[in-house]
Amino acid sequence: MAGVTAPGVIAPVRRRNRKIGRRSPSLKILQREQTTVIVDDRVLTEAFVPSEVVHRHEEISRLSEAVEPLLSGGRADPAFLFGPTGVGKTCIARYTLDQLAERRPSIRVAYVNCWQEYTRFRVLYSLLEAVDQAYDVHRSTAQDELYGRLRSADEAPIVVILDEVDQLEESEVLYDVHRLPHVSVVLVANREEELFARFDDRVRSRFRAGTRVTLDRYGVDELVAILAERVRQGLEPESVTDEQLRQIADAAAGDARVAIGILRSAATRAQGRGDDRLTDSLLEDAIPDARNAIRQKTIENLPTHQRTLYDVIDEHGEIEPSDLYEAYEDRADEPKTRRTVRNYLTKMAHYDLVEATGENRGRTYRIVESTIVDTR
DNA sequence: AATCCACCGGAATCGATGGCCT
DNA sequence: AGGCCATCGATTCCGGTGGATT
C-alpha cells in the first residue's frame, strides 16, 4: 500500500521547507533558559530535506543523470522512483531537483502530492503555480485554459515531481503533461506494476521508456546513520546514545519515516519532562507511539461522518453493512445516505483504515490493525 | 430451480458555492 | 446586480452479483 499520509497534512510542506535552515530566534531564547533536548525541531519533521542525503548516493546519481538533459536546455525522459514507504523516495527526488535548480536557476521545480491533488485540474494548477501563472485561476476556469496557459509558458523548463502518482484519479493528466514539450516528470510510487495497471493505454505507452530507480528498505546501520545525522542537526549531542539509535532503527523495520517519528516522539517527551536526555523507558513508550502516529493522524483528520463510521466499526470489531448503517444513522445528526456511506467506506479502505471481507451478502467491515507487530 | 434480497459501485443529476462578465 | 459557468459533495437511480429462501 502507498505511504499513508493524512489528507491535508502535506499541503503546507513547500512553504515550511523554505524556512528550514533559519532557526527561529524565539525558539532559541526559549530553550536556553531550560534543560533542552531539541535544538531545531524542524529537523525531525517529515518535510525536512537534509542538506546531505545519507546512503542514497547511487540512487541520487542515477536520478541526476536522468534529469541531466535539462541542464543543456533539453527535456528529460520520465524518471521513476519506486519503493516502499519511508525509504527516501520523496526525499531524494526533492534533493536531486533542488540541486538541479541550483545549477540552473531557470529550471522550475513543481512538487505535487497526488493524495491531495488527485484531479487533472489540480495537477495542472500546481504546475501553473510553479511558473507563477496561477494568479487569476479560479475554480471555474476551464481546464483547457489552464493547459493552454501552460503550453504558452514554455520559456521556462519545468520538472514536476508527482508524488504518490498511484493515487491520481485521472491519470489522463499524465498524457497532457507529456504533451508539454518543456515539462519533464519524476514519478514517485510504491510499485511499478500497480502503477501501470492504473494507466490507460495511451499513458502507458508514453511512459514505457524512462529511468527506473528502485529503493530498498534501509538496513539497521543505514538507519542509524540517518538518525545520527538528524541528531547532529537537531538535538543536543549528549541527549541520545548510539545504542538508543540502534534500538530505534531496529524498531523501525527499514522505514526512515517511522524511525524519525520515534526519535521525535521520544525527544519531545523528554523535553516535556524537563530531562536533558532520552531514557530507555521513554524510548520504549515512544516506539509503539510513533508506529501509530501517522495512522492516528489520519483518523483524527477524518471528516466527522467518516469518523463516526470508524468509531462504530472500531467498537463492534466486525460489523455487517446494514448494522453499520443503522448504528451510524443513530449516532450521526443529519446522517448521509447509504450510497454516500458506501463512498466513505471505499475511501477509508483506500487509506487502509478499514477493510471489507467477503462479497455481497456476507460482507463485513473491520478496522485494519496496525501491521507492525510489537517486538517485545 | 426459481426467486428474493442485501449489497456493491457506475452514471446521471442536484444544489451550494464562488468567481467572471456585462 | 444579475446571469453564467465550472466544481464538488451528495443524492438518486439502477444494473449486476451471489448467497439465502421458498
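Model, not experiment: these values are computed from the prediction. Residue numbers start from 1 in every chain, and the chains themselves are labelled A, B, ... in the order their sequence lines are given, proteins ahead of strands.
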Check: To the nearest Å, how far apart are A/Leu124 CG and C/dA6 C1'?
Finding: 15 Å
Next item on the list: Could you run through nucleotides 10-22 of chain C and give me one letter per nucleotide, 5' to 3': B if any protein heavy atom sits under 4.0 Å from the base, S if only the sugar-phosphate is that close, - if neither?
Entry: SBBB---BBBS--
Next item on the list: Using whole Å, report how far CG of A/Asp323 lies from C1' of B/dC7.
Entry: 13 Å
Checklist line | Check: A/Arg363 and A/Glu320 side chains under 4.5 Å, non-hydrogen atoms | finding: no
Next item on the list: Evaluate the side-chain proximity of A/Asp323 to A/His316: yes if any heavy-atom separation is below 4.5 Å, no if none is.
Entry: no
Note to self: How close do A/Glu318 and A/Thr364 get, counting heavy atoms only, and between which atoms?
What the structure shows: OE2-OG1, 2.9 Å
Margin query: Expressed as a whole number of angstroms, how long is the span from A/Lys347:NZ to B/dG10:P?
Written below: 14 Å
Check: Under a 4.5 Å cut-off applied to non-hydrogen side-chain atoms, are A/Tyr344 and A/His305 in contact?
Finding: yes
Checklist line | Below 4.0 Å: OP1/OP2 of B/dC8 and any side-chain N or O of A/Tyr365 | finding: yes
Checklist line | Within the 6.0 Å centroid threshold, strictly below: A/His178 and A/Phe207 | finding: yes
Margin query: With a 4.0 Å cut-off on N to O distance, would you call A/Glu65 and A/Arg62 a salt bridge?
Written below: no
Checklist line | A/Tyr125 OH - C/dC8 C1' separation (whole Å) | finding: 17 Å
Checklist line | A/Ser322 vs B/dC7: side-chain N/O to OP1/OP2 distance below 4.0 Å | finding: yes
